[in-house]
Amino acid sequence: MLNPERRTLSPLTDRFGRVHTDLRISVTDRCNLRCYYCMPAEGVQFHCHDDILSYEEIERFVQVAARLGIRRLRVTGGEPLVRKQVTRLVEMLASVPGIDDLAMTTNGILLTQYAAALRAAGLDRLNISLDTLSRAKFRRITRRDELPRVLEGIAAAQRAGFERIKLNALAIRDLSEDEIVPLTRFARERDLLLRFIEFMPLDAVGRWNNHWVLSGEEILEILSRDLGPLEPVCPAGSAAPASEYRFLDGGGWIGLIRSVTRPFCERCDRLRLSCDGKLHNCLFSTRQWDARKLLRSGGTPEQLAELIRAAVGAKKKARGTDNGEFAPIDRSMYQIGG
Ligand code: SAM
Ligand code: SF4
């Protein structure tokens, strides 16, 4: 439940009473993997350097957003760690007044190199994407032979002192069924928090259809059949999109992000800034607000605040539409920031 006082006081409350406190910032659309569900194998048109926001521009945007009530930031991409000196941005964002949680989503390949520096720069939390523990399958999914570096990266993040690291595994039919139990055991043994994510219609080449969605219910069935019964854990008042389940034998915890079968639009508190400075109020929104234009044409903090409020004010009830149905969009996760 929303705190009624916060609801009336927050400038980022939308028409449906949702208070926006979370901003995802994509720092690049480039990546060192080519996951088949996210990017085409070749010929991807990336933004040129001048198109993407500088760290100073991102900081200015965040300062205004934080004054309006944004409290949590997540740095993402593309692959955020391929952008030069991203630790410098982390340091800048960590010191913006009002920000009390700074996280990053990464494929983990470069964590061996950067984990300690990210921690020192003020990064609070890490989500690492890992869909399989099979090297051959990893190569098939990502079109690169990088599983060993990802596993080393996870270990490096733990050595650097990151706690409660989340592992994100995309669940796709005919691909992920055999991965569910090994990934769960891997996470249990290392004290990592594993979440399975339903496949959303945001793929590179329009291959998505409902058939490929391995649902949260099916994942629970596999887990309780092979590892033992689970019970739901309900964090009171949580706006978190993941529903959490605990193994009754005390053997850990998993999360399910059921974006397709149980969308969490009614609790959505997120905005997204793409690397080219467009503000999105929903992954599926067809409308964007051009923050870069304002940032580069001497826009004042008040004008930026107006742009952010406009994006929140125009947010639809569900999934970018007002009737809750999907409007297909011609955009992948790497382009908007996952
Ligand atoms: N490169 C980083 C990574 O892979 O963690 C950050 C960006 S990536 C776009 C963020 C997350 O989006 C990954 O966990 C990935 O599995 C997820 N993702 C990509 N395409 C998706 C889709 N169509 N449906 C659901 N999740 C998707
Ligand atoms: Fe890169 Fe992440 Fe997309 Fe995979 S999911 S291609 S790692 S941006």
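Nothing here was measured: the structure is a model prediction, and the numbers come from that model. In listed order, ligands and their atoms are each counted from 1.
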Inset, instruction - Check whether any N or O atom of Ile197, backbone or side chain, sits under 3.5 Å from an N or O atom of ligand 1, and answer yes or no. - result: no
Legend entry - Salt bridge Glu56-Arg88, side-chain N to carboxylate O under 4.0 Å: yes
Inset, instruction - Using distance alone, determine whether Thr76 and ligand 1 share an N or O pair under 3.5 Å. - result: no
Inset, instruction - Can you sort out which atoms of ligand 1 are near Gly77, meaning under 4.0 Å from one of its heavy atoms? - result: 7 (C), 9 (C)
Inset, instruction - Using distance alone, with no hydrogens and no angle criterion, decide if Glu79 and Asn107 have a side-chain donor and acceptor under 3.5 Å apart. - result: yes
Legend entry - Gly108 to ligand 1, any heavy atom closer than 4.0 Å: no
Legend entry - Under 3.5 Å donor-acceptor, Arg71 side chain and Thr21 backbone: no
Inset, instruction - Using modelled atom types only, decide if a donor and an acceptor are shared between the side chain of Glu42 and the backbone of Pro40 within a distance under 3.5 Å. - result: no
Legend entry - Spacing of CZ belonging to Arg18 relative to SG belonging to Cys265, to within rounding of 0.5 Å: 7.0 Å
Inset, instruction - Around atom 1 (Fe) of ligand 2, find the nearest protein heavy atom and jot down its residue, atom name and distance. - result: Cys31 SG, 2.3 Å
Legend entry - Short N or O distance, Glu198 and ligand 1, threshold 3.5 Å exclusive: no
Legend entry - For Gly78, atoms of ligand 1 separated by under 4.0 Å from a heavy atom: 1 (N), 2 (C), 6 (C), 7 (C)
Inset, instruction - Check whether any N, O or S atom of Cys35, backbone or side chain, sits closer than 2.8 Å to atom 4 (Fe) of ligand 2. - result: yes
Inset, instruction - Check whether NZ of the Lys or CZ of the Arg Arg140 lies under 6.0 Å from the centre of the six-membered ring of Tyr36 and within 45 degrees of that ring's axis. - result: no
Inset, instruction - Kindly confirm or rule out an N or O of Met200 lying under 3.5 angstrom from an N or O of ligand 1. - result: yes
Legend entry - Geometric N/O contact Thr105 with ligand 1, under 3.5 angstrom: no
